[in-house]
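Heads up, the thing below is written out as structure tokens.
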Amino acid sequence: MTAESPETAITAWLATQQGAMLRLLEAMVNTDGGSYDKAGVDAVGALVRAALAEHGIPVEVVPRAKHGDCLKARVEGGDGLAAGNQQRAIVLMGHRDTVFPKGEPERRPFRIEGGIATGPGVADMKAGLVMNVFVLIAFRKFGGAPGPLLGLFTGDEEIGSPEGREVIEAVAREARVVFNAEPGRPSGNVVTGRKGGVFSIFDIEGKAAHSGGNFEAGISAIEELARKIQAIHALTDLRRGITLNVGLVSGGQSVNTVAPWAQGQIDLRYVEPGDRDEIMGRIHEIIARSHVPGTRARLAIRGEFLPLTQSPAAARLFELYVGAARESGLAVGGEFSGGCADSGFTAAVGAPTICAVGPIGGKAHSPEEYLEVASMVPRAQAMARAILHLDAAGL
């Protein structure tokens, strides 16, 4: 009798796990985990750790001071004495934080209707975390990985990974390849390119005065804010893929006071790495210039993502994944996304990276966010097959 191959065993086992996947997903979605809720993000991490511990998979906790801790789960594979790629980790990456406010799971708990799952973070990206957990378990149970697997579960991606980035980049520098389990596109495609992004905040100081009795003594920070917003938005160049959006503003003391302060928050997106410094330089010039005499302003960067660009090795990884997905009954292509992700950090340090290999979903960051339940198992099988065929692809 011929022994069952790891690929057959792994894909067959994953085919039986949809119910277990959904139970873990429900627990994750119903656990608060906004980026600034460290306790909540770490509670989601505890669910990850418990699921892996049941199968003897060790998890290293990398403490973070303000945001969710980073978790590193390791499953050994390949020949421990082999050189080169077989000693480098195959990374399965995902983030545990969401964009939603405290209490959102109570208002909109996990729900499945007509094969569609909903709830805060159900697609972005708790379903991807669940998929990674089960792929790690499958290789722990049946073996066959061409090298060690490293599951990296971070806690602050939605705000630019201010504490997670150094861990991500350190892991990526030693990685063989990186699979980032952001949600698969509604088309079923994965993401082969993403924009970079810079999130910054600027504060303006003016001078208060009574808007009726002493108007001329005031210096309006809000007027200065409005003029700066117009100048910043004018930097948008859609042909080059550069967009500027001042998405949050605040300021003023009262309706009958010339505003002594104002604040704006800027979202910059770009495609080409060289465009980042050019546009940020022009933003600094706008912030330094006073349209309203007497105002002063300062700018601070709050978070940043690097663009995901496809290297030749990443292109081979994409072709490998397309074939693995085909064997799993999926037709997959590649898409460019204006959204940012941690995959930009891994690609920037040289790790061949593919993004959005998670289960299929859409409308992220909104109450209409959804997940296609039927995609969970085949997307897990596709990633497992891609991992198993890395050697054959020369990766």
Side-chain angles (χ1 to χ4, degrees), residues 88 91 93-95 124-125 152 154 156-182 185 189-202 231-247 265-288 299-319 321 333-357 395:
R88 307 188 77 182
V91 177
M93 187 167 70
H95 66 86
D124 185 17
M125 61 175 296
L152 178 59
T154 62
D156 56 358
E157 187 267 358
E158 295 291 3
I159 55 173
S161 299
E163 291 189 312
R165 179 174 174 175
E166 65 175 345
V167 178
I168 293 166
E169 291 180 336
V171 166
R173 287 188 185 99
E174 302 299 324
R176 179 172 174 177
V177 295
V178 175
F179 294 91
N180 194 29
E182 289 279 356
R185 306 295 92 175
N189 290 343
V190 296
V191 169
T192 52
R194 288 185 181 272
K195 287 187 176 183
V198 182
F199 312 119
S200 55
I201 185 169
F202 62 103
I232 290 166
H233 281 189
L235 298 176
T236 292
D237 187 336
L238 296 178
R239 181 183 58 82
R240 295 167 62 191
I242 296 168
T243 59
L244 280 298
N245 180 59
V246 179
Q265 297 190 38
I266 309 167
D267 177 299
L268 160 65
R269 303 293 171 110
Y270 62 94
V271 177
E272 296 299 328
D275 291 340
R276 186 263 186 210
D277 290 346
E278 175 196 337
I279 300 302
M280 285 305 300
R282 295 171 70 180
I283 291 172
H284 278 285
E285 291 174 0
I286 291 168
I287 299 302
L299 178 74
I301 293 175
R302 288 291 185 86
E304 184 161 1
F305 284 104
L306 299 179
L308 171 64
T309 55
Q310 191 179 62
S311 67
R316 294 202 308 276
L317 179 61
F318 167 68
E319 293 300 331
Y321 182 86
E335 289 186 13
F336 183 87
S337 173
C340 301
D342 285 336
S343 50
F345 297 135
T346 62
V349 299
T353 299
I354 186 170
C355 194
V357 297
L395 290 164

(request) Please name the pair of heavy atoms, one in L308 and one in C355, separated by the smallest distance, quoted to 0.1 Å. (result) CD2-CB, 3.9 Å

(message) What I'd like to find out is whether the side chain of E182 reaches to under 4.5 Å of the side chain of E157, using heavy atoms alone.
(response) yes

(request) Hey, could you give me the CE/CD1 distance between M280 and I266, rounded to the nearest 0.5 Å? (result) 7.0 Å

(message) Looking at L395, is its backbone amide N or carbonyl O close enough to the side chain of R176 to form a donor-acceptor pair, meaning the two atoms are under 3.5 Å apart?
(response) yes

(request) Spell out, as yes or no, whether a donor-acceptor pair under 3.5 Å connects the side chain of R165 to the backbone of D342. (result) no

(request) Evaluate the ring planes of F179 and Y321, with Trp represented by its six-membered ring, and classify them as parallel (under 30°), tilted (30 to 60°) or perpendicular (over 60°). (result) tilted

(message) Please report the interatomic distance CD(E169) to OG(S161), rounded to the nearest 0.5 Å.
(response) 9.5 Å

(request) Please report the shortest heavy-atom distance between P352 and A313, naming the atom on each side. (result) CG-CB, 3.6 Å

(request) For V190 and A356, work out which heavy atoms get closest and say how close. (result) CG1-O, 3.4 Å

(request) Using the side-chain hydrogen bond (donor to acceptor under 3.5 Å, both in side chains) rule, collect all pairs that involve residues 344-356, keeping only residues at least two apart or in two chains. (result) T346-T353

(request) May I ask you to decide if R194's main-chain N or O and S337's side chain share a donor-acceptor pair within less than 3.5 Å? (result) no

(message) What I'd like to find out is whether the side chain of R316 reaches to under 4.5 Å of the side chain of V177, using heavy atoms alone.
(response) no

(message) Could you measure the distance from the CZ atom of R302 to the CD1 atom of I201? Nearest 0.5 Å is fine.
(response) 4.0 Å

(message) Counting only heavy atoms from other residues, nucleotides and ligands, does the tally under 6.0 Å from CZ of R240 exceed 12?
(response) yes

(request) Sort out for me which residue in D237, T236, D267 forms a side chain to side chain contact (heavy atoms under 4.5 Å, CB included) with L244. (result) T236

(message) Any heavy-atom pair between the side chains of Q310 and I354 that's under 4.5 Å?
(response) no

(message) Quick check for you: to the nearest 0.5 Å, what is the distance between N189 atom CG and F336 atom CZ?
(response) 14.5 Å

(message) Counting only heavy atoms not in E272 (residues, nucleotides, ligands), do more than 12 fall under 6.0 Å from its CD?
(response) no

(message) When you measure from the side chain of H233 to the backbone of V246, do you find a donor-acceptor pair of N or O atoms at a distance under 3.5 Å?
(response) yes

(request) Considering non-hydrogen atoms only, spot the tightest contact between A181 and V357 and give its length. (result) CA-CG2, 4.0 Å

(request) Return the minimal non-hydrogen interatomic distance between Y270 and P307, and the atom names on each side. (result) OH-CD, 3.5 Å

(message) I'd like to check N245 versus R269 (side-chain heavy atoms, cut-off strictly below 4.5 Å). Are they in contact?
(response) no

(message) Could you tell me if the side chain of E304 sits less than 4.5 Å from the side chain of R276, heavy atoms only?
(response) yes

(request) Write down the atom of K195, the atom of G338, and the distance for their closest heavy-atom approach. (result) CB-O, 3.6 Å

(message) As a quick check of understanding, evaluate side-chain contact (heavy atoms from CB on, under 4.5 Å) for I286 and L235, giving each step before the final call.
(response) CA-CA 10 Å; I286 291 168; L235 298 176; 3.9 Å; yes

(request) Taking the side chain as every heavy atom from C-beta outward, state whether F202 and I232 have any atom pair closer than 4.5 Å. (result) yes

(request) State, yes or no, whether a side-chain contact exists between L152 and I168 at a heavy-atom distance under 4.5 Å. (result) yes

(request) Could you check if a side-chain atom of I242 sits within less than 4.5 angstrom of a side-chain atom of E278, using non-hydrogen atoms only? (result) no

